[in-house]
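Notes follow once the structure below has been shown.
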Amino acid sequence: MSEVKISAATRTEFGKGAARRIRRDSQVPGVLYGHGADPLHLTLPGHDLLMALRTPNVLIALDIDGKKTELAIPKAVQRDPLKGFLEHVDLLLVQRGEQVNVDIYVHTEGELAPGGNLLEHVLNALPVQAEATHIPESVTVSIEGLSAGDSILAKDIPLPKGTTLAVEEDTVVLQVLAAQAEEAPEGEETEGGEAAEA
């Protein structure tokens, strides 16, 4: 996993007005916390941060005020619900060699058994523990030939070396549902000749 270097500046202005001014300058307000240290309020370059966040669980090397570099991973990202631009980011301070808990995306490959069955993602992301500088972006699991009633448990998903589950092994991650038969519209007659109840 590669590091993304981003320059950050400490900020002393807080509140909605200050946040709006920061965003007007194409910057993003953020907070760096962890390891028992006081939270550090930062201003980050919007475009650089947006590009970095395209990689899930990206490792960010923060150059803070040109004085020190800290490693961090994103923990919470707030976006504008309509326009999608970044409004705020929470960053978790990490160290090389440290184990961290993160969620990684589960990708599927292959085709379900014929019959119009549906694949349900019970968990959209799999909680795992990994070394802070070697967090996998995602994992891939085969759903080839699965039919209604089949499921994939957390223990069935192959994890990269050095990554362990942070949930119970028998947690259902994916399950295959039978295709639903369409219900007769209200008021139509059923087989017995009676109108269906509303």
Margin query: Under the criterion side chain to side chain donor-acceptor pair (under 3.5 Å), I'd like the reasoning laid out for T10 against D65: C-alpha separation, chi angles, the key distance, then a yes or no.
Written below: CA-CA 7 Å; T10 52; D65 296 329; 2.8 Å; yes
Checklist line | Full working for side chain to side chain donor-acceptor pair (under 3.5 Å) between T133 and E131 | finding: CA-CA 6 Å; T133 58; E131 199 267 316; 2.5 Å; yes
Next item on the list: Decide yes or no for E144 and E109: does some side-chain heavy atom of the first lie under 4.5 Å from some side-chain heavy atom of the second?
Entry: no
Note to self: To the nearest 0.5 Å, what is the distance between CD on E111 and CD1 on I143?
What the structure shows: 7.0 Å
Next item on the list: Please tell me if the side chains of L91 and I73 come closer than 4.5 Å, counting only heavy atoms from C-beta onward.
Entry: no
Margin query: Could you tell me if the side chain of V58 sits less than 4.5 Å from the side chain of P74, heavy atoms only?
Written below: yes
Notebook entry, point to check: In Å and rounded to the nearest 0.5 Å, what is the CG to CG distance from L146 to L119?
Noted result: 8.0 Å
Item checked: Counterpart residues, side-chain contact (heavy atoms from CB on, under 4.5 Å), relative to A130 (two or more places apart) -> I135, P136, T163
Item checked: Those residues that, when tested against N124, pass side-chain contact (heavy atoms from CB on, under 4.5 Å) (two or more places apart) -> H121
Note to self: Under a 3.5 Å distance rule, please check whether R79 uses its side chain to pair with a backbone N or O of L86 as donor and acceptor.
What the structure shows: no
Margin query: Rounded to the nearest 0.5 Å, what separates atom CG in N57 from atom CG in L92?
Written below: 11.0 Å
Item checked: Pairs touching residues 86-102 that satisfy salt bridge (charged side-chain N to carboxylate O under 4.0 Å, His left out), sequence neighbours left out -> E3-R96
Next item on the list: Tell me who clusters with V122, hydrophobic residues only, linked when side chains sit under 4.5 Å apart either directly or through other members.
Entry: L153, V172
Check: Distance from L44 atom CG to R11 atom CZ, nearest 0.5 Å?
Finding: 9.0 Å
Check: Hey, any chance Y105 and L165 share a hydrophobic cluster, counting ILVMFWY side chains that come within less than 4.5 Å of each other, even indirectly?
Finding: no
Next item on the list: Check whether any side-chain heavy atom of L59 sits under 4.5 Å from a side-chain heavy atom of V94, and report yes or no.
Entry: yes
Next item on the list: Could you grab the distance from atom CG of L71 to atom CD1 of I60, nearest 0.5 Å is fine?
Entry: 10.0 Å
Notebook entry, point to check: Can you find a heavy atom in the side chain of V176 that is under 4.5 Å from one in the side chain of L112?
Noted result: yes
Note to self: Side chains of E137 and T55, heavy atoms from C-beta outward: is any pair under 4.5 Å?
What the structure shows: yes
Note to self: For V106, run the side chain to side chain contact (heavy atoms under 4.5 Å, CB included) check against T140, L123, V141 and tell me which one passes.
What the structure shows: V141
Checklist line | Exercise: identify the closest heavy-atom pair between L62 and A72 | finding: CD1-CB, 4.1 Å
Item checked: L32 CG to L93 CG distance, which is reported to the nearest 0.5 Å -> 5.0 Å
Margin query: Using a 6.0 Å cut-off, check whether atom CG of D38 has over 12 heavy atoms from anything other than its own residue.
Written below: no
Margin query: With a 4.5 Å cut-off on side-chain heavy atoms, are P45 and I6 touching?
Written below: yes
Margin query: I need the minimum non-hydrogen distance between G30 and H88, along with the two atoms involved.
Written below: CA-NE2, 4.0 Å
Notebook entry, point to check: Which residues pass the salt bridge (Lys or Arg N to Asp or Glu O under 4.0 Å) test with K68, sequence neighbours left out?
Noted result: E70
Check: Which residues satisfy the side-chain contact (heavy atoms from CB on, under 4.5 Å) test with A148, sequence neighbours excluded?
Finding: N117, A178
